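Encoded as structure tokens, the structure appears first; notes follow it.
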Amino acid sequence: MLTPRITQIIESARPAGWVLEPMAKEILTERHLTVPKGVLTDSVDTAARFLAGCDGPVVLKAVSPQILHKTEHQAVITHVQDPATLSSHMTRLLSLKGCDQVLVEEMVSGIEVLVGAKNDLQFGPVVVLGLGGTSVEIYNDTAIRLAPVTPADVTSMVNSLKAGPMLEGYRGKPGVNMAALTRMVVDFSRLIMDLEPFFESIDLNPVICDADRCVAADARIILLPEKDISA
């Protein structure tokens with residue numbers, strides 16, 4: 001069941017046809033999926049205070065309804081560690097088309113995983129799991145199941161991946177927290193069932209997983225053509 005806040009976010013995003021990343025992450029948070037700590041601001045001072053409170057570097061992302069694919073506009077800056085660099089990049093990002101605010105987030109490290117969904121015309125929502133980041137298109141290593149999925153389904157998906165051993169731990173290298181990954185995929189599958197009438201595709205890429213947790217570092221929700229959801 002969608003909360004009033006999720007319904008409000010989707011309604012406000014319908015003219016653009018997609019949900020801005022901060023709002024997409026708010027939807028995830030409403031459903032108890034983990035996202036990085038961050039602040040949405042147009043203030044360099046606010047961003048600098050957030051940086052000062054972090055244990056490591058931060059990521060800066062332009063937030064604009066006219067920028068769907070951020071990498072094409074150099075709208076994502078990683079490994080920002082000092083106030084001067086932050087100020088310079090904030091100024092440039094805020095000059096990009098339609099950018100009124102910048103999302104400043106803690107940098108998260110670990111294994112990059114793709115958790116996604118497609119709204120199939122015949123079968124309905126399906127869950128996609130695979131190796132994430134930029135490598136997803138190179139290796140084309142994904143597993144697909146109908147939503148909603150069970151913990152056993154997630155185990156089956158991981159076992160079917162060529163990258164499965166890397167997730168579980170390989171040649172002495174630590175794997176990811178499989179319980180956290182399983183919980184995220186199961187909860188995500190329940191979310192997409194509730195969003196079925198409204199979404200075309202959803203990509204959480206990358207989800208950063210380590211031995212402790214799985215964090216949705218990026219989130220993109222593409223909506224179906226307008227449909228009244230207020231009733």
Side-chain angles (χ1 to χ4, degrees), residues 21 24-38 53-61 70-71 76-81 103-118 125-193 195 201-221:
E21 182 180 348
K25 286 180 172 174
E26 189 173 342
I27 290 175
L28 299 181
T29 301
E30 285 271 316
R31 297 297 288 259
H32 308 294
L33 279 75
T34 304
V35 302
K37 295 177 182 177
C54 289
D55 293 330
V58 297
V59 181
L60 307 180
K61 300 180 181 181
K70 297 185 186 70
T71 54
V76 178
I77 311 298
T78 62
H79 296 91
V80 177
Q81 303 187 66
L103 181 60
V104 186
E105 293 183 323
E106 63 174 347
M107 277 203 69
V108 184
S109 61
I111 296 175
E112 296 186 340
V113 178
L114 163 70
V115 178
K118 304 292 183 185
V126 296
V127 178
V128 182
L129 177 66
L131 202 62
T134 55
S135 61
V136 64
E137 296 177 357
I138 297 174
Y139 296 111
N140 195 27
D141 184 21
T142 57
I144 299 174
R145 297 290 188 277
L146 293 176
V149 299
T150 66
D153 291 326
V154 179
T155 299
S156 172
M157 295 171 83
V158 170
N159 290 340
S160 72
L161 296 173
K162 298 184 185 71
M166 184 170 69
L167 298 180
E168 296 174 332
Y170 182 65
R171 292 189 175 180
K173 293 184 179 180
V176 308
N177 186 317
M178 291 304 300
L181 178 59
T182 298
R183 185 167 56 251
M184 172 173 276
V185 177
V186 169
D187 289 347
F188 176 75
S189 77
R190 292 170 179 161
L191 170 62
I192 67 173
M193 291 299 293
L195 289 174
S201 66
I202 303 176
D203 287 311
L204 311 184
N205 183 30
V207 172
I208 307 294
C209 296
D210 60 18
D212 298 317
R213 59 178 185 159
C214 289
V215 181
D218 196 6
R220 183 174 65 192
I221 301 175

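These numbers were taken from a predicted model, which means no experiment stands behind them.
A pairwise comparison of heavy atoms in Ile221 and Ala24 identifies CD1-CB, 3.9 Å as the closest pair. For the pair Phe188 and Gly116, the tightest heavy-atom approach, listed with the atom from each and the gap, is CE2-O, 3.3 Å. Closest approach of Cys214 to Thr34, counting heavy atoms only: O-CB, 3.5 Å. Minimum interatomic distance between Gly110 and Ile208 (heavy atoms only, all atoms of both residues): N-CG2, 3.4 Å. The minimum heavy-atom distance linking Glu106 with Pro36 is given by the pair OE2-CA, 3.6 Å.
In this structure, the side chains of Leu131 and Met166 come closer than 4.5 Å at one or more pairs of heavy atoms. Ile27 places a side-chain heavy atom less than 4.5 Å from the side chain of Leu191. A 4.5 Å side-chain heavy-atom check between Pro57 and Thr78 finds every atom pair outside the cut-off. No side-chain heavy atom of Met184 sits less than 4.5 Å from a side-chain heavy atom of Val113. Between Val207 and Glu112, the closest side-chain pair of non-hydrogen atoms is not below 4.5 Å. Using a 4.5 Å heavy-atom threshold, the side chains of Asn205 and Asp218 count as separate. When side chains are defined from C-beta on, Leu33 counts as touching Leu204, because their heavy atoms get closer than 4.5 Å.
Atom NZ in Lys118 sits 9.0 Å away from atom CD1 in Ile144 (nearest 0.5 Å). With rounding to the nearest 0.5 angstrom, the OG atom of Ser156 is 4.0 Å from the CZ atom of Arg145. Here the CG-CG distance, from Asp212 to Asn177, works out to 7.0 Å after rounding to the nearest 0.5 Å. The CE atom of Met178 sits 6.0 Å away from the OG1 atom of Thr155 when rounded to the nearest 0.5 Å. One distance of note links CZ of Arg190 with NE2 of His32; it measures 11.5 Å at 0.5 Å rounding. Taking OG1 of Thr182 as the start and CG of Leu129 as the end, the distance is 9.0 Å to the nearest 0.5 Å.
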Worked check of side chain to side chain contact (heavy atoms under 4.5 Å, CB included) between Val58 and Leu60: CA-CA 7 Å; Val58 297; Leu60 307 180; 4.3 Å; yes
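Annotation: salt bridge (charged side-chain N to carboxylate O under 4.0 Å, His left out) contacts involving residues 25-37, sequence neighbours excluded, comprise Arg5-Glu26, Glu21-Lys25, Lys25-Glu105, Arg31-Asp194.
Paired with Glu168 under the rule side chain to side chain contact (heavy atoms under 4.5 Å, CB included), one option of Val176, Leu161, Asn159 passes, and it is Asn159.
The backbone N or O of Thr150 sits less than 3.5 Å from a side-chain atom of Asp153, completing a donor-acceptor pair. For the pair Thr142 (side chain) and Val128 (backbone), a donor-acceptor distance under 3.5 Å is absent.
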